Amino acid sequence: MLSNKRIQELELVMEFEKVEECFKEVSSWIENVGRKRLKETVNLDDSLEMLLQAQKQFREFDLVASEYCRRGQEALKKMDRWEDFSSVDVHSYRVKLQSYKDQLEDFCTQLDENRHRICETVRLYEFFDKVRQGIFCTEEGVKS
């Protein structure tokens, strides 16, 4: 039984090394591209037109970022079996795995929050634009 468990652990380590390339690629993209682009969406412009342009740009970025999130999550799923192993030999790999998982979850959460914030901000600006137009039309009607 001990021998079988050791063989399974070695197989997991070999599997981890294969999957780690995907983790490294996703992690590198998150750090070098994704986080920078998310920071750019923190300050949104004051006009509806500029906000709609920012939303369009974010949607393009969101498609790419969502694909990286999906790829990272698929790679993590392949490593679900690690939960059953607690030996010292596997510990360093579990630490790496947890680090990738935390980074991916944090980024995906920030991406979702920014997506929601931009959408809500656009809706709010569109509402205010309609209110402004309604006030303008009312003022014009009163003057006539």
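Residue numbers start at 1 and run along the sequence shown. Note that this is a predicted model, so its numbers are computed, not measured.
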Steps toward side chain to side chain donor-acceptor pair (under 3.5 Å) verdict (Gln110, Asn114): CA-CA 6 Å; Gln110 288 180 5; Asn114 278 19; over 6 Å; no
Beyond-backbone contact of Asp129 with Glu49, side-chain heavy atoms, under 4.5 angstrom: no
Test applied, side chain to side chain contact (heavy atoms under 4.5 Å, CB included); reference residue, Glu74; option that passes from Arg70, Lys78, Lys77: Arg70
Heavy-atom pair of closest approach, residues Gly34 and Phe61: O-CZ, 3.6 Å
Same apolar cluster: Leu48 and Phe128, side chain cutoff 4.5 Å: no
Test side chain to side chain contact (heavy atoms under 4.5 Å, CB included) applied to Leu97 and Leu76, step by step: CA-CA 8 Å; Leu97 186 62; Leu76 286 172; 3.6 Å; yes
Atom of Ala65, atom of Leu111 and distance for their closest heavy-atom approach: CB-CD2, 3.7 Å
Distance in Å, Met14 CE paired with Leu10 CG, rounded so as to fall on 0.5 Å steps: 7.5 Å
Donor-acceptor contact present, side-chain Ser99 to main-chain Val95, <3.5 Å: no
Side chain to side chain contact (heavy atoms under 4.5 Å, CB included) partners of Arg59, counting only residues at least two apart: Gln55
Heavy-atom side-chain proximity of Lys36 to Lys39 below 4.5 angstrom: no
Heavy-atom side-chain proximity of Glu60 to Lys56 below 4.5 angstrom: yes
Check against salt bridge (charged side-chain N to carboxylate O under 4.0 Å, His left out), Arg37 and Glu40: CA-CA 5 Å; Arg37 291 289 305 271; Glu40 292 172 6; 3.5 Å; yes
From CD (Gln73) to NZ (Lys101), nearest 0.5 Å: 10.5 Å
Residue list, side chain to side chain contact (heavy atoms under 4.5 Å, CB included) with Glu21, at least two apart or on another chain: Lys24
Asn32 side-chain N/O to Ser28 backbone N/O, donor-acceptor pair under 3.5 Å: yes
Please output the side-chain donor-acceptor pairs of residues 117-126 that fall under 3.5 Å, not counting sequence neighbours, one pair per line with the distance.
residue: Arg117; atom: NH1; partner: Thr41; partner atom: O; Å: 3.4
residue: Arg117; atom: NH2; partner: Thr41; partner atom: O; Å: 2.5
residue: Glu120; atom: OE2; partner: Arg123; partner atom: NH1; Å: 3.0
residue: Thr121; atom: OG1; partner: Arg117; partner atom: O; Å: 2.7

Within one Ile-Leu-Val-Met-Phe-Trp-Tyr cluster: Leu52 and Met50, side-chain cutoff 4.5 Å: no
Nearest heavy-atom neighbours spanning Leu12 and Met79: O-CE, 4.1 Å
For the student: nearest non-hydrogen atoms of Lys96 and Phe16, plus distance: CB-CZ, 3.9 Å
Worked verdict on Tyr93 versus Val13 for side chain to side chain contact (heavy atoms under 4.5 Å, CB included): CA-CA 8 Å; Tyr93 294 98; Val13 169; 3.4 Å; yes
Side chain to side chain contact (heavy atoms under 4.5 Å, CB included) partners for Val131, two or more places apart: Phe127, Ile135
All side chain to side chain donor-acceptor pair (under 3.5 Å) counterparts of Asn4, not counting sequence neighbours: none
Interatomic distance, Ile30 atom CD1 to Cys108 atom SG [nearest 0.5 angstrom]: 6.5 Å
Closest non-hydrogen atom pair between Val26 and Gly72, with its separation: CG2-N, 4.0 Å
Pairing residues for Ser27 by the side chain to side chain contact (heavy atoms under 4.5 Å, CB included) criterion, not counting sequence neighbours: Tyr100, Gln103
